[in-house]
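Working notes for the structure below.
The basis for the numbers below is simple: all heavy atoms, side chains too, and nothing from hydrogens, waters or symmetry mates.
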Amino acid sequence: MRFVFRADASVQIGTGHVMRCLTLADELVRQGHECRFVCREHKGHLGDLIADKGYGFTLLPLQSDNELDPRDRGADDCAYWLGVPWEEDARQTLDAVKAWQPDWLVVDHYTLDAQWESHVRNAIPGMRLMAIDDLADRPHEADVLLDQNLGRKPEDYRDLVPGHCRRLIGPRYALLRPEFAEWRHWSLERRRRSGPVKRLLVTLGGVDKDNVTGQVLDALSEAHFSEHLEITAVMGASSPWLGQVRNRRLQMPCPTEVVVNATDLAQRMANADLAIGAAGSTSWERCCLGLPSIVLVLANNQQAIAHALHVEGAAYAISANDAMRELVKQWSVITDRDYLDSLGQRAASLVDGLGGGRVLNALIEIGLSSETMHG
């Protein structure tokens, strides 16, 4: 079958939407299906990465007067995040994919809802639609709805999707690259023999537009930690603060490295004793490997995830307003070995790394049933 993904990345939006779509696309291709991407030409759009992975993609033009500056945002949030009004985005998307006649359209975008979805799917007879969401704040015209977040319930979408829509809810369906499942056993076994925190991993998003990585390094330089601690900060090449963080690492009181566009993140997580990360989709990667984590809220849509992980005892969440002060104040409490072991064990129980396969199976089952009905 043929799958088209509509998702965006940018300095403001971040990279998470495109990255999890790539994870699902990789799984589909391994099973013999075809995939293409449609993205808008925002700054930091990740088109090069999509092309490097061998996917065909269309880069939709960005209006010249739209620079994704929140200070200039008007009343139309969709036009702000999309770069154009939703009607124009739908038309351009159809122009890009209609001739290819996809069997499925996968949409992962906070500003696209049932209006856009109905317009596009009705123009391609027989096409199914999957919506990936985290917010449960708008209706979807979808055959499948995926929300992989802890604490979400199927009934949260009861009035937001059609009655026939299959809802895939919770971290059981988290879209993780296969290397996380491959490293899971080794990582969990290593933690059975864990000692004091020696390797700290800092991962605060592919963009980190507010330089939270630099703020964390500043805070850590004031914390009282073991002289044996080693810090690794992982950043994206598009981060506007990359140069400053590289300079900051030279002033740290312990060995600190900055890794750009890491391709071995699963291995690095498996070898880490503690992580400081954003409360976004990478939370599920850390959970899969049983990596004890301090999670920071970097966007409003991450608050629910951070709260759910903290309540579940699967991570230590720090509020955005007091993040750096609390990190220093609570460092000795957070890094207590028994507490970290508890966090890691609870985290590992939530995610097994096989969510991508479960999502794929659901899509294939629905697609095959559709072919049977129309055969």
Flag, side chain of [X] to backbone of [Y], donor-acceptor distance under 3.5 Å:
{"X": "S187", "Y": "L289", "value": "yes"}
{"X": "R138", "Y": "L112", "value": "yes"}
{"X": "R121", "Y": "E141", "value": "yes"}
{"X": "N149", "Y": "R152", "value": "no"}
{"X": "S118", "Y": "A114", "value": "yes"}
{"X": "R184", "Y": "C288", "value": "yes"}

Can you list the residues that meet the salt bridge (charged side-chain N to carboxylate O under 4.0 Å, His left out) rule with [X], with sequence neighbours excluded?
{"X": "E189", "value": "R192"}
{"X": "R20", "value": "D108, D134"}
{"X": "R358", "value": "D352"}
{"X": "E326", "value": "none"}

Does [X] have any side-chain contact (heavy atoms from CB on, under 4.5 Å) partners at least two apart in sequence or in another chain, and if so, which?
{"X": "A25", "answer": "F5, C35, F37, Y55"}
{"X": "Q251", "answer": "R248"}
{"X": "H310", "answer": "Y316, A317"}
{"X": "R30", "answer": "D26, E27, P178"}

#### Entry: R191-Q345 side chain donor-acceptor pair, cut-off 3.5 Å
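Judged by distance alone, the side chains do not pair up.
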### Task
Would you kindly say whether H45 and D8 are connected by a side-chain donor-acceptor distance under 3.5 Å?
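Distance-only check fails for H45 and D8.
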#### Entry: Gap separating the CD atom of Q302 from the OG atom of S281, nearest 0.5 angstrom
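Between atom CD of Q302 and atom OG of S281 there are 8.5 Å.
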### Query
At what distance, to the nearest 0.5 angstrom, does CH2 of W100 lie from CZ of F3?
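Between W100 CH2 and F3 CZ, I get 9.0 Å after rounding to 0.5 Å.
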### Sequence neighbours excluded - side chain to side chain donor-acceptor pair (under 3.5 Å) pairs with any residue from residues 197-210
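Qualifying pairs, neighbours excluded: D208-T213.
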### Message
Is there a path of hydrophobic side-chain contacts, each under 4.5 Å between heavy atoms, that joins V260 and I231?
### Response
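Looking at the clustering, I231 is in the same group as V260.
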### Query
Cluster question for you: counting only ILVMFWY and a side-chain heavy-atom cut-off of under 4.5 Å, with indirect links fine, are L354 and W183 together?
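No.
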### Query
With the threshold set at 4.0 Å, does a side-chain nitrogen-carboxylate oxygen contact exist between R190 and D273?
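D273 and R190: salt-bridged.
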### Message
Quick one, I132 and Q148 - any side-chain contact, counting heavy atoms below 4.5 Å?
### Response
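In short, these two side chains do not touch, never coming nearer than 4.5 Å.
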### Query
Any side-chain heavy-atom pair from V107 and M130 closer than 4.5 angstrom?
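The answer is no, as the side chains (C-beta and beyond) never meet within the 4.5 Å cut-off.
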### Query
Which other residues belong to the hydrophobic cluster containing L145, where Ile, Leu, Val, Met, Phe, Trp and Tyr are joined when side-chain heavy atoms lie under 4.5 Å apart, directly or via other members?
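In the cluster with L145 are Y157, L160, V161, I169.
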For the residue pair [X] and [Y], what are the closest heavy atoms and their distance?
{"X": "L363", "Y": "W104", "value": "O-CZ2, 3.4 Å"}
{"X": "A90", "Y": "V120", "value": "CB-CG2, 3.8 Å"}
{"X": "A278", "Y": "R286", "value": "O-NH2, 2.9 Å"}

### Task
Could you list all the ring-ring contact (aromatic ring centres under 6.0 Å, His included) pairs where at least one residue sits in residues 108-145, not counting sequence neighbours?
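Those involving residues 108-145 are H17-Y110.
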#### Entry: Partner set under ring-ring contact (aromatic ring centres under 6.0 Å, His included) for H307, not counting sequence neighbours
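For H307 there are no ring-ring contact (aromatic ring centres under 6.0 Å, His included) partners, ignoring immediate neighbours.
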